[in-house]
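Labels below follow one simple rule: chain letters A, B, ... track the order of the sequence lines, proteins then strands, and each chain is numbered from 1. Keep in mind that this is a model prediction, so the values were computed, not measured.
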2 protein chains.
Amino acid sequence: MNRANTFWTGEETPMGTTSKALTLLDYFTISRPQIGLSDLARLSGANKATCYRLMSELMEHGLVEQVAGSKEYRIGPAVLRLAALREATVPTREAALPLLQALAVATGETAHMSHLVAGQLVTLSYAYPAAHGMRVMMEDADRLPFHSTSSGHAVMGWLPADTVAQILAGPLPAPAGLVQITASDLADRIARARATGWASTANTFEADVSSFAVPLFDAQGQVQGALAVAVAGPRLTEAAEQTIPRQLIAAARAIMALWGGQIPPELSALWRITEQPTEKVQG
Amino acid sequence: MNRANTFWTGEETPMGTTSKALTLLDYFTISRPQIGLSDLARLSGANKATCYRLMSELMEHGLVEQVAGSKEYRIGPAVLRLAALREATVPTREAALPLLQALAVATGETAHMSHLVAGQLVTLSYAYPAAHGMRVMMEDADRLPFHSTSSGHAVMGWLPADTVAQILAGPLPAPAGLVQITASDLADRIARARATGWASTANTFEADVSSFAVPLFDAQGQVQGALAVAVAGPRLTEAAEQTIPRQLIAAARAIMALWGGQIPPELSALWRITEQPTEKVQG
DNA sequence: TCCCGTTGGTTTATTATTTGAACCGATGGT
DNA sequence: ACCATCGGTTCAAATAATAAACCAACGGGA
């Protein structure tokens, strides 16, 4: 009797064929938008033939397509239909966008919103304060690491303990030239995020960038993502450190009002205390 | 020995598991955005257990999610990441949108662009001429029938013959109270679309709506979709019938210039003849 | 309150599908 | 002319998917 196919993930629980196919999609990122067959097989650890068949099936449905010349694969047009359908069903993105823009203007910094999807934190919208000037740049569809971003900390503060443990079980990537976060430091930060209702980091994800974040909840009171402001290092004044969390809270409240999101009572109390007289962010 | 599993599609070619899972996604539409397990099993003809497992796998990856109260499934947030990635890789939608808007304004009617994805024609962008007034309404992520829309005719005119045959092999749905298109009529319309470079229909898809369409091509000269203008019946003057095809052609040219789309020489010649002195649609 | 049909979800042996190593022809660099 | 690599294919061996029956829970209707 042979071993179960642990080649793929190293897990012992067998992985459904569909999951394997969908896992392949995860290798496509902003920085690697096109992948050839052999590369993909190497990246995923799957057999080339397997990879080929799975990609063929994904291609049949338009989830991926092959670029004409090189035969490399890339994300296909079908996802546009699905995304349009998703937004029509649950208008998270579009509804929140004006509020995100208002937040960017109010703070004078880059604002972004990330969503928790399949255990990962993905940036899905962002807004800049103005058309020009120095700013922290964002990219859509980028995955944020949980351990080195304020968004990650804010989210983990309100995630079930076992889910957090699962995330922390993964490796802590070591960012070159940045502030390194140790495991115990991280636990501390998560606890603080929960205790204060917001999180902040400095120079942990990108150099000379500080960021502040608050969690976002869905209608069932489950964490759904985070709202964050990324401040360009030189502009991080003491005043900014005071006001930004408040503005974040106000904006998060407004966004969740749109979604029908439920703020956990515990957090709601924290936010009531923190949110001193400050003008509301208006959409 | 049992028969191969022909239950699913009636086809004799066996269907990969991944395809079966992805097929389930097709049952989610604008008009039916949420589906319960039993319903989905009935709709798809799949076994309930099968359906359950497939949906579970899709759910693991965030392609679908369950709404909290009813346990019904709906399209999940992961598609947003994929769509953002797609647009970052191949900016079809966003790039064309301003031109689409210009076309709507120029014609004074609703303009829309549909894409060919996995053998289906899906509306992915549209633009209205003004904020108010009578207009033909569109919906994103809607599938257009090939046989009763000008977009369908325009596209089929430039599709390989066998692909067209495959499409026509399907049933011709009978729209209630509209002009019925017979099989021979349809063949005629497709031929005309190819011969003239554009297609038009009246009262075939929606009552009191006429529409005009031209095909769109990708960088390899393959039909990729259609650009169309839908005219509210009462406004369909003879002048409009003259100018709209020209405006469509101009806009299609502009859009394909953005994509690097290749117009087949045969069509290019047709369009050169048709496109008499008329002001270019400007993005 | 009892019934009955429905729901989402689970279990099982049976069955068909997926898998991986080897192989192919084409392509491109040296 | 060579070698390495590419995308794609083949086939027996091993695996995972399937379908029917079965739950418990829910929601009307009588």
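- The side chain of A:Ser38 approaches D:dC6 more closely than any other nucleotide in the set D:dC6, C:dT7, C:dG20.
- For the OP1/OP2 pair of C:dG20 and a distance below 4.0 Å, the side-chain nitrogens and oxygens of A:Thr50 include at least one atom meeting the criterion.
- Separating the CG atom of B:Leu37 from the P atom of D:dA25 is a distance of 18 Å, rounded to the nearest angstrom.
- The pair A:Asp140-A:Arg93 meets the salt-bridge criterion, with a side-chain N (NZ, NE, NH1 or NH2) lying under 4.0 Å from an Asp/Glu carboxylate O.
- Residue-to-nucleotide proximity on DNA chain D shows that, of A:Ala49 and B:Glu57, the 5′-proximal contact is made by A:Ala49.
- If you measure from atom NZ of A:Lys20 to atom C1' of D:dT15, you get 8 Å, rounded to the nearest angstrom.
- Counting only N and O atoms by type, the side chains of B:Ser31 and B:Thr29 include a donor and acceptor under 3.5 Å apart.
- Residue B:Asn47 contributes atom CG, which lies 13 Å from atom C1' of D:dC22 at whole-angstrom precision.
- Between the base of D:dG7 and the side chain of A:Lys48 there is a donor-acceptor pair shorter than 3.5 Å.
- The distance from the OG1 atom of A:Thr89 to the CD1 atom of B:Ile30 is 6.5 Å, given to the nearest 0.5 Å.
- A:Glu94 contributes atom CD, which lies 10.0 Å from atom OG of A:Ser125 (distance to the nearest 0.5 angstrom).
- In this structure, B:Arg143 has no salt bridge (Lys or Arg N to Asp or Glu O under 4.0 Å) partners at least two apart in sequence or on a different chain.
- Note: CG (B:Leu40) to C1' (C:dT7) measures 14 Å, nearest angstrom.
- For D:dG7, neither phosphate oxygen OP1 nor OP2 lies less than 4.0 angstrom from any side-chain nitrogen or oxygen of A:Arg53.
- For the pair A:Met15 CE and D:dA17 P, the computed distance is 11 Å after rounding to whole Å.
- Formation of a donor-acceptor pair under 3.5 Å by the B:Gln66 side chain with backbone atoms of B:Tyr73 is not found in this model.
- Taken from NZ in B:Lys20 to SG in B:Cys51, the straight-line distance is 12.0 Å, to the nearest 0.5 Å.
- If you measure from atom CG of A:Leu24 to atom C1' of C:dT18, you get 14 Å, rounded to the nearest angstrom.
- A:Glu72 comes within 4.0 angstrom of nothing in the nucleic acid, heavy atoms only.
- Between B:Leu54 atom CG and D:dA19 atom P there is a gap of 10 Å when expressed in whole angstrom units.
- Within the 4.0 Å cut-off from OP1 or OP2 of D:dA20, not a single side-chain nitrogen or oxygen of B:Tyr52 is found.
- Along DNA chain D, the nucleotide nearest to A:Thr17 and the one nearest to A:Asp39 differ in position, and the one closer to the 5' end is contacted by A:Asp39.
- Proximity of A:Lys71 to the phosphate of D:dG8: a side-chain N or O atom is located under 4.0 Å from OP1 or OP2.
- Between the two ends of the helix from C:dT1-D:dA30 to C:dT30-D:dA1, each summarised by a five-pair axis, the helix axis turns through 50° (rounded to 10 degrees).
- Distances shown here put a side-chain N or O of A:Gln66 below 4.0 Å from the OP1 or OP2 atom of D:dG8.
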